[in-house]
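A quick write-up on the structure given underneath.
These numbers come from the heavy atoms of this one structure, side chains and all, not from hydrogens, waters or symmetry mates. Computed from a predicted model, the values in this text were never measured in an experiment.
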Amino acid sequence: MSRALSTKTKEAIKTALAFALAYGFALKTGWMSPIWVGLTVVVIALPTAGQSLQKGVLRLSGTVPGCAAALVIFGLASQSRWLALALTSAWMFFTTYMMLSRPSKSYLWNVAGFTALIIMTGAFESPADVFDRASSRTVATVVGILIYTLVTTFLWPQSNAGAIRKALEQLLATQRARFDALRASSTDPSDDADLRSLQLSEVQQLAALGQALQAEGSESYQVREVRPELERLRDLCSEILDCLDRLETSVPTKGALRAAFPTADSFLDEIDARFASMTALLGSNDAPRAPVEVSLSPDREALAQLAPLDRAAAVVARAQLASLDTLTAEAVRTMQDLVARRAEGARPQARRLQPTPVNASPGYDLDHLRGATLVAATVVVAFCLWVFVNPPGHASWMMLPPILAMMVAGRQQLSATVFIRPTAIALALGIAVYVFVLPRLSTFAELSVVLFAAMFVVNYFFTGIGVFAGMIGVLMGISVQQQQAYSFAAMANTYIFALGSFILVYAMSYMIQSPRPEKAVLYLVRRFFRSAGFLIASTAGERSTRRGRFAQWRIAWHRRELNGLPNKIEAWSKAIDYDAFPSNAPDRIEALVVRMQAIAYRIDELLDSRGSVSPRSLAQALAEDIRAWRTRLESTLADWSSSPDSPAAEALREHLSQWREELEARIESLNAGERELSLDDDEWRRFYALLGGYRGVSGTLLAYGDEARQIDWAAWQEERFS
């Protein structure tokens, strides 16, 4: 019995077959440029039918505005090259920024950008040619989508059925395991490495759930019917992830949580039971277990025996656990809605929670702006090369380099050089076929075999980003047209043009960051602490609600920076060649990123509690102590923002140790004889939340300092030439 074909072989066959059929259709119908229908197949080829259909819909949706933009630019600037350049670069800036800032629609905006370039770089004899080219491009896209969809539907289809259930099961299991680990850490110190592993798995599984919703939803009517509930459940899981992140750095250890809150065990048992019930409900139509109302009631005597800063930690942990209670209860009710929809087909009334202020904050992303600027600048430079130098490739300089720049802007951690090798190999293969094979062919049957074989080789032997780069190389090298003519000089010029385009984009990529990922990490770390320093400084003076609009916008922007930079640092750190830096292990960088994320959470909590403190609060009596704390932290953050290897943590540790003793003594003296401690008292609760914010920021900065000492920052600051 013959062995079954591997998945890789099947996918290579499907892509190659769709590619050959697309060319056959275009040649049979006499289209002006058959390459575009083949290009459509290349860029929508994905492992499953649902994913390909989804990407095909986005491609079609992006093609229409791209064609419209090209027509508008031609209409406004057909007689002015510089106006045309300005409008084109502005369109590419806009589409690139939208591509980077709208992850769910990124491919749509990518297509809208490069479609306009493709239409505009043709040779036109009259205005009608522009419209004909735009129409042909749109029709080619539709045909390519249909051909690939039919091939993947009838030849070894890989359905996404069950992908959502599988992704949800894995995500809920990981969130429950992480919650159990955090619960154990309230009694005994937990394994930080295990918690980091669970957190990383949780992030990956949440992203997989989003992809499954798109893929299975595009091929299943039943999924589309309950999509609002599924998306609500995904959003709740995302908020639970965020809550667990914050809880990880705020849970008191050594049994303080249970001592301060006698009902803690029953509260935590209920949260754990909710995770278990949601997992059990997947794929079941049984009546779900309703969430039981629980609360964390404080023990006044036990709280009174804690030091003031430990009381503050208990208050912060209580607030985070209350948020987790709300989120898990809402998640269970959403799961009830799903069960009801499956059993009865009735649409329940949707429930919505208030969005997190930080996630909803206005502002722009600096790295997205850099990426958009890279693409717009590449358009300008490529245009000037074409007009004033006219190297091999001619008008194509206005097409290929900006398209490559969009790819680099979308994956800034990848150096532009990673595209060169697969493209060069595939282009050489295509040129060899063009020179030695195509002139000997006389029928489409023979041509289809060649097209199939070339595309199969690329899809089977290339991996990762090299598959796409290789397929583009084959398209450029073989260059099948309606009226075929052969010129080795033209192909040699094509090869020079392709390599020159990569070199140009590599040089232009310095506009975003140094291609050295370790340099990018250093830059992002400095940015992180600049934003942290600004936010700590903003806690001085009036309450945030009394600030002007511009001041509030700046605070919101820096909060967004602070929460987004740890993920960017982690992404860049994975691109570092650690063989060149043996003193900096990857797990050390991961630990550093975790500490930075904790700093962002603690500063968020401090800013939230700072804005809710009453003017009559005890915090006013401690203004001098708080000012001294803030001044010390601003100095430490300023040191780290200019030099990540600064030993500022040691001085901070000594200062905070003394400051803590003096502060606790002052709080006790202010508290003595004035009123009985009660967390039900609104003013006391606000005060201790504020104090918990100060304590949390201090603790996370010290923890970061301990991790930062393990990094050889000087090695990253040195220049390398290998």
Side-chain angles (χ1 to χ4, degrees), residues 168-203 205-206 236-281 289-299 302-303 306 309-332 335 591 594-595 597-598 601-602 605 679 688-689 692 695-696 699-700 703:
L168 261 177
E169 285 179 342
Q170 293 175 341
L171 177 59
L172 291 172
T174 301
Q175 289 191 327
R176 184 183 183 187
R178 191 175 176 205
F179 170 76
D180 290 340
L182 289 172
R183 179 178 182 178
S185 72
S186 65
T187 303
D188 297 309
S190 60
D191 185 354
D192 287 343
D194 184 53
L195 282 173
R196 286 199 301 273
S197 175
L198 288 171
Q199 196 266 354
L200 179 61
S201 298
E202 193 177 0
V203 171
Q205 289 161 2
L206 185 64
L236 286 166
C237 286
S238 177
E239 293 183 59
I240 289 172
L241 184 153
D242 182 74
C243 188
L244 291 175
D245 282 347
R246 295 171 182 269
L247 194 58
E248 186 173 332
T249 56
S250 62
V251 174
T253 58
K254 300 180 181 178
L257 182 66
R258 289 174 175 79
F261 305 102
T263 60
D265 283 327
S266 60
F267 179 95
L268 299 175
D269 287 341
E270 169 61 19
I271 300 297
D272 185 73
R274 292 174 187 175
F275 280 117
S277 67
M278 285 189 287
T279 303
L281 280 171
R289 171 189 179 277
V292 178
E293 292 188 7
V294 288
S295 62
L296 281 175
S297 302
D299 184 330
L303 279 172
L306 295 176
L309 290 176
D310 290 333
R311 290 179 215 153
V315 172
V316 172
R318 186 196 194 197
Q320 294 299 334
L321 288 169
S323 297
L324 187 61
D325 172 36
T326 303
L327 292 170
T328 52
E330 179 70 9
V332 171
M335 191 72 76
V594 170
R595 300 304 182 191
Q597 188 66 71
Y601 289 143
R602 298 287 78 79
E605 291 171 357
L679 284 184
Y688 277 110
R695 179 185 185 275
T700 52

> Quick one: side-chain hydrogen bond (donor to acceptor under 3.5 Å, both in side chains) partners of Asp272, sequence neighbours excluded?
Replying inline: Arg176
Can you tell me how far [atom2] of [Y] sits from [atom1] of [X], rounded to the nearest 0.5 angstrom?
X      : Y      : atom1 : atom2 : answer
Leu182 : Leu268 : CG    : CG    : 10.5 Å
Cys237 : Leu168 : SG    : CG    : 6.0 Å
Ser266 : Phe261 : OG    : CZ    : 12.5 Å
Leu324 : Asp242 : CG    : CG    : 11.5 Å
Ser238 : Leu206 : OG    : CG    : 5.0 Å
Thr328 : Ile271 : OG1   : CD1   : 3.5 Å

>> I'd like to know if Asp325 pairs up with Arg318 as an ion pair, taking the criterion as any Lys NZ or Arg NE/NH1/NH2 lying under 4.0 Å from an Asp or Glu carboxylate oxygen.
In response: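 No, no charged N to carboxylate O under 4.0 Å.
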If every non-hydrogen atom of [X] is compared with every non-hydrogen atom of [Y], which pair is closest and at what distance?
X      : Y      : result
Val332 : Ser277 : CG2-OG, 4.2 Å
Glu202 : Leu244 : OE2-CD1, 3.8 Å
Leu172 : Phe275 : O-CD2, 4.3 Å
Val294 : Arg274 : CG2-NH2, 4.1 Å

> Side-chain donor-acceptor pair under 3.5 Å between Thr174 and Gln205, yes or no?
Replying inline: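 Note: Thr174 and Gln205 side chains meet the donor-acceptor criterion.
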> Short question: side chain of Glu270, backbone of Val292 - any donor-acceptor pair under 3.5 Å?
Replying inline: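 Judged by distance alone, yes, a pair lies under 3.5 Å.
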